[in-house]
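Below: one structure, written as structure tokens.
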Amino acid sequence: NLSVTFKSYDIDSLREVFAKYPGQIACVITEPEKNFPIPPTYLKEAIELAHKEGALFIVDEMITGFKTELPGSIKRFGVDPDMATWGKGMGNGFSICALTGKREIMELGGIRKRGEEKLFLISTTHGAESHALAAGLAVLDEFATKDVVGHNKAIGRRLIDGATAAVKAAGLSDRLEVAPCEWQPLFVFKNAKGEVDNGFRTLMLQEMIARGVLFQGIFSPCFSHSEADVAYFVEAFTDSLAVYKKALSEGYEKYLVGEPTRPVFRKIL
């Protein structure tokens with residue numbers, strides 16, 4: 001009840017929310033980008049709008065951090081939000097996260113202003129995990145001394161090119177889309193009517209896993225991935241498309257073992 005939403009990356013939608021709830025919005029929190037192009041000036045305009053309306057602007061880099069750029073999309077777009085959050089990408093999968101922000105804001109949740117109201121809590125959920133801190137330091141060192149982001153994006157481009165070519169060769173370009181997002185390629189699976197379909201998505205997950213590739217509809221490049229890994233993925237993907245094509249004419253139910261996966265965030269089990 002204390003949250004309202006707006007259409008992502010739509011500055012007019014954000015303006016409408018501020019107009020509807022004048023003086024009531026404390027902050028705007030949003031991911032800086034998704035697996036599709038966004039208006040290049042959006043973040044800058046959104047931050048300016050939030051500040052004009054007396055609100056903070058928080059960027060959620062849990063997914064984009066250490067993938068789109070170093071340390072994340074705020075550098076890619078050249079913006080300076082009030083706060084930003086970071087997730088496991090900064091520790092190569094280890095349980096580490098970070099809440100960062102401008103000093104005057106972070107001090108409101110700190111312990112140095114004795115006698116004043118503490119406005120928010122900084123959790124120590126991962127506080128005792130010294131191995132995760134060590135992993136984070138090691139990751140920062142790798143990124144500082146090597147072109148990790150450049151390598152990962154090159155892997156992403158190669159995978160996108162290979163998968164797209166396989167889809168085209170199978171004659172499925174209108175039924176399976178590979179989003180051209182080099183930092184995290186996204187696959188969109190559709191049924192015979194051209195509708196996004198979770199049954200067909202699950203079928204492809206099943207077929208890829210059967211061919212030795214743990215897959216959930218996205219691909220997250222990492223520094224250990226090689227061209228050989230991409231070739232292995234594309235080969236498994238190409239073989240799986242043969243089953244996908246049959247399912248389009250005969251129904252995925254004939255080939256899928258079990259039920260289609262369902263969204264994690266849902267109200268009905």
request  = Check whether the ring centres of Phe233 and His225 lie less than 6.0 Å apart, and answer yes or no.
outcome  = no

Would you please test Cys181 and Leu186 for side chain to side chain contact (heavy atoms under 4.5 Å, CB included) and show each step?
CA-CA 7 Å; Cys181 176; Leu186 169 71; 5.8 Å; no

Is [Y] close to [X] at the side-chain level, that is, under 4.5 Å between some pair of heavy atoms?
X      : Y      : result
Thr238 : Val234 : yes
Met106 : Leu99  : yes
Ser73  : Val59  : no
Phe66  : Leu140 : yes
Val149 : Phe143 : yes
Leu176 : Leu241 : yes
Thr30  : Leu14  : no
Arg201 : Val188 : no

Using a 4.5 Å side-chain heavy-atom cut-off and chaining through intermediate ILVMFWY residues, the residues clustered with Leu214 come out as Ile209

When rounded to the nearest 0.5 Å, the distance separating CZ of Arg211 from CG of Asp239 is 5.5 Å

CD of Gln184 to NZ of Lys34, rounded to nearest 0.5 Å, is 9.0 Å

Is [Y] paired with [X] through a side-chain N to carboxylate O contact shorter than 4.0 Å?
X      : Y      : value
Arg112 : Glu107 : yes
Glu48  : Lys52  : no
Arg15  : Asp12  : yes
Lys146 : Glu142 : yes

Could you pull out the closest heavy-atom pair between [X] and [Y], with the gap in Å?
X      : Y      : value
Pro221 : Ile155 : CB-CG2, 4.0 Å
Gly110 : Lys118 : O-NZ, 3.1 Å
Gly199 : Leu256 : O-CD2, 4.3 Å
Phe6   : Ser13  : CB-OG, 3.5 Å
Arg175 : Asn191 : CD-O, 2.9 Å
Phe57  : Ala46  : CE1-CB, 3.5 Å

Cluster check [X], [Y]: I/L/V/M/F/W/Y, side chain < 4.5 angstrom:
X      : Y      : result
Val167 : Tyr232 : yes
Trp183 : Tyr9   : no
Phe215 : Tyr252 : yes
Phe187 : Val196 : no
Ile63  : Ile38  : no

Would you say [Y] and [X] are linked by a side-chain donor-acceptor pair, where the criterion is simply a distance under 3.5 Å?
X      : Y      : result
Gln206 : Tyr255 : no
Glu61  : Thr64  : yes
Ser226 : Asp229 : yes

Please indicate whether [X] has more than 12 foreign heavy atoms, meaning atoms of other residues, nucleotides or ligands, lying under 6.0 Å from its [atom1].
X      : atom1 : value
Asn92  : CG    : no
Arg103 : CZ    : no
Lys44  : NZ    : no
Lys113 : NZ    : yes
Glu195 : CD    : yes
Lys88  : NZ    : no
Lys20  : NZ    : no
Arg158 : CZ    : no

Let's go through Tyr244 and Glu207 carefully: what are the C-alpha distance in whole Å and the side-chain angles of both, what is the deciding distance for side chain to side chain contact (heavy atoms under 4.5 Å, CB included) to 0.1 Å, and is it a yes or a no?
CA-CA 9 Å; Tyr244 191 91; Glu207 295 304 310; over 6 Å; no

Residues passing the ring pair (Phe, Tyr, Trp, His ring centres under 6.0 Å) test with His131, sequence neighbours excluded, are Phe94

Donor-acceptor under 3.5 Å (Lys245 side chain, Ala170 main chain): yes

Notebook entry, point to check: Do Thr100 side-chain atoms and Ala84 backbone N/O form a donor-acceptor pair below 3.5 Å?
Noted result: yes

Yes or no on side chain to side chain contact (heavy atoms under 4.5 Å, CB included) for Thr202 and Phe189, after CA distance, side-chain angles and deciding distance? CA-CA 9 Å; Thr202 309; Phe189 305 102; over 6 Å; no

Taken in chain and number order and not counting sequence neighbours, the residues that satisfy side-chain contact (heavy atoms from CB on, under 4.5 Å) with Ile58 are Cys27, Ile29, Met83

Item to complete: Evaluate the criterion side chain to side chain contact (heavy atoms under 4.5 Å, CB included) for residue pair Leu119 and Glu117; output intermediate values, then yes/no.
Response: CA-CA 6 Å; Leu119 296 187; Glu117 181 182 2; 3.7 Å; yes

